[in-house]
Colleague: 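Starting off with a structure, shown below.
Everything quoted here is computed from the prediction, not taken from an experiment. One-based numbering, in listed order, for ligands and for the atoms of each.
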Amino acid sequence: MSFDLVFFGGTGDLTWRKLMPALFQAYRHGKLPAGGRILAVARDDQTSEKYRAWLLEHFHGVEGAKRPSDEEFARFAEQVHYRRMDLSQPEHYALLKDWLGTRSAETVVFYLATSPHLFPQICEQLGAAGLNGPNVRVVLEKPLGHDLASAQEINRVVRSVYTESQAFRIDHYLGKPSVQNLMALRFGNALFEPLWRRESIANIQITLAESLGVGTRGDFYDRTGALRDMIQNHALQLLTMVAMEPPSRNDADAIRDEKLKVLRSLKPFTEESVARDVVRGQYRAGSVEGRGAIGYADEAKVPADSPTETFVAIRTEVQNWRWAGVPFYLRTGKRLATSEAQIVVNFRPAPHSIFPGQNPPNKFVIKLQPEDGLELHLLAAKGTGQRERLSPVFLDLDFDKAFPENRVGAYERLLLEAIAGRLNLFVRSDEQEQAWRWVEPVLDAWRADTSGPRPYASGTWGPAAASALVARDGFAWAEEE
Ligand code: BG6
């Protein structure tokens with residue numbers, strides 16, 4: 001299948017850090033369809049040769065086995081081209097059209113890896129240039145807006161140029177292998193479904209913890225904060241994958257209809273429930289993984305009196321028959337004790353134990369980071385006779401070992417899906433807007449509450465109030481058990 005893939009924001013961070021390396025891996029794995037052209041466009045005036053040399057320099061920084069040899073890079077880079085483009089100039093879109101017209105690729109993918117405030121302008125100009133035919137797809141990177149109104153405005157413009165089925169809103173967490181395996185496990189096996197409900201499950205915890213600080217992204221982050229950066233999108237998307245009803249078919253709209261129903265069933269916030277069920281924090285100086293770390297307010301491009309949250313913990317519920325009364329805890333933060341993303345499904349304890357000692361209930365852990373995998377925690381007998389006790393063991397469902405060819409990074413998978421035109425792993429506009437609708441009362445309440453975020457030392461698990469949030473229900477975060 002021939003394709004043309006155009007990266008707007010071709011010299012940006014995302015392009016060299018994630019997108020080009022992901023495409024290279026797809027190429028190396030033999031998954032990138034042959035006959036493709038990759039075009040980076042940006043403001044700088046430079047040739048394709050210079051761009052390739054610049055890219056190679058960045059590829060030299062890629063870790064270990066993922067780094068290409070110079071020959072391998074040269075072969076991959078034959079498909080990579082560069083054009084200067086001023087995104088406000090209609091004639092530059094006409095030139096882009098000419099370039100695309102030098103052959104008629106079956107599929108054209110426009111990847112908007114620019115700042116989102118440019119999305120409406122780029123889409124309008126692409127539409128005006130007639131670059132919105134049925135073979136065109138547009139990929140939109142997050143953050144899609146900073147609140148409901150701005151997200152709706154972006155969606156309105158995108159929809160005035162493209163149909164919903166041409167819009168690929170990316171949430172790279174949906175491309176992580178464990179999320180695929182969660183779907184496979186839930187909907188490909190009959191074993192879990194009878195247990196996947198309030199009668200058997202005590203609570204569900206979604207943790208997206210990072211040990212890194214905001215690094216060089218201080219100005220972006222300070223305008224954004226953890227709720228918009230990680231909860232509105234990644235954490236809520238994961239929640240929908242865990243909580244959704246089985247879709248009737250494995251197609252994009254059947255899946256996205258079910259995800260939307262979950263988002264619509266989330267318990268709405270009130271001013272009182274924000275105060276009770278949401279904890280916001282901001283990191284102070286401390287030590288992370290043995291190294292000293294400065295506080296958020298001392299980071300570059302962050303105002304010293306910034307009220308921006310770098311940590312959020314939320315207790316919520318999915319108000320339907322399957323999940324009534326089951327707490328869902330969501331938590332994310334920068335400069336936490338470790339980098340770890342996981343979903344923990346805590347089952348209820350056995351109703352009556354015939355074994356001595358404390359016997360922790362079963363749990364199912366979906367690990368997204370640093371490694372991916374699924375673990376089922378069970379109890380097994382240990383010792384003999386009088387001294388027999390139950391001891392935790394876990395079934396490690398290591399799909400990477402069973403299917404090594406599946407080891408595909410999130411961006412690699414999603415780029416290939418966009419080229420192939422499969423929307424299953426992309427977010428529909430109504431889902432995205434519903435997620436904004438749910439978080440907005442939290443943003444409003446925080447704006448009105450001048451007490452600001454709670455401080456926490458870098459290298460910890462956030463403010464103590466986050467532990468209290470879970471302890472109130474008689475539970476504990478996984479690392480506190
Ligand atoms: C991005 C956020 O969407 O996800 C970043 O903007 C965050 O702040 C990143 O660091 C985390 O992604 P991953 O895949 O490294 O967990």
Colleague: If the test is side-chain contact (heavy atoms from CB on, under 4.5 Å), which one of Glu210, Glu340, Lys176 qualifies with Gln369?
Modeller: Lys176
Colleague: Less than 4.0 Å between a side-chain N and a carboxylate O, is that true for Asp13 and Lys18?
Modeller: no
Colleague: Using heavy atoms and a threshold below 4.0 Å, how should the contact between Tyr221 and ligand 1 be classified: side chain, backbone, both, or neither?
Modeller: neither
Colleague: Please determine whether side chain to side chain donor-acceptor pair (under 3.5 Å) holds for the pair Ser429 and Glu164, giving the CA-CA distance in whole Å, both sets of side-chain angles, and the decisive distance to 0.1 Å.
Modeller: CA-CA 8 Å; Ser429 58; Glu164 182 67 42; 2.9 Å; yes
Colleague: With atoms numbered from 1 as shown, which atoms in ligand 1 lie under 4.0 angstrom from a non-hydrogen atom of His234?
Modeller: 1 (C), 3 (O), 4 (O)
Colleague: When you check the gap from the basic side-chain N to the acidic O, do Glu479 and Arg331 get nearer than 4.0 Å?
Modeller: yes
Colleague: Go through Tyr111 and Ile170 one step at a time and tell me if the side-chain contact (heavy atoms from CB on, under 4.5 Å) criterion holds.
Modeller: CA-CA 10 Å; Tyr111 197 119; Ile170 246 183; 3.1 Å; yes
Colleague: When only distance counts, is Glu210 in polar contact with ligand 1, meaning an N/O pair under 3.5 Å?
Modeller: yes
Colleague: Hey, which atoms in ligand 1 end up nearer than 4.0 Å to a heavy atom of Gln369?
Modeller: 13 (P), 14 (O), 15 (O), 16 (O)
Colleague: Any Lys/Arg nitrogen of Asp253 or Arg428 sitting under 4.0 Å from an Asp/Glu carboxylate oxygen of the other?
Modeller: yes
Colleague: Is a salt bridge present between Glu371 and Lys367, judged by a nitrogen-to-oxygen distance below 4.0 Å?
Modeller: yes
Colleague: Please list, in number order, the atoms of ligand 1 under 4.0 Å from a heavy atom of Lys334.
Modeller: 5 (C), 7 (C), 8 (O), 10 (O)
Colleague: By number and element, which atoms of ligand 1 are closer than 4.0 Å to a non-hydrogen atom of Asp229?
Modeller: 2 (C), 5 (C), 6 (O), 8 (O)
Colleague: Taking only heavy atoms of Lys142 into account, list the atoms of ligand 1 that are under 4.0 Å away from them.
Modeller: 1 (C), 2 (C), 3 (O), 6 (O)
Colleague: Can you tell me the protein heavy atom closest to atom 12 (O) of ligand 1 and the distance?
Modeller: His172 NE2, 3.1 Å
Colleague: Mark up the atoms of ligand 1 that fall under 4.0 Å of a heavy atom belonging to Lys176, in ascending order.
Modeller: 13 (P), 14 (O), 16 (O)
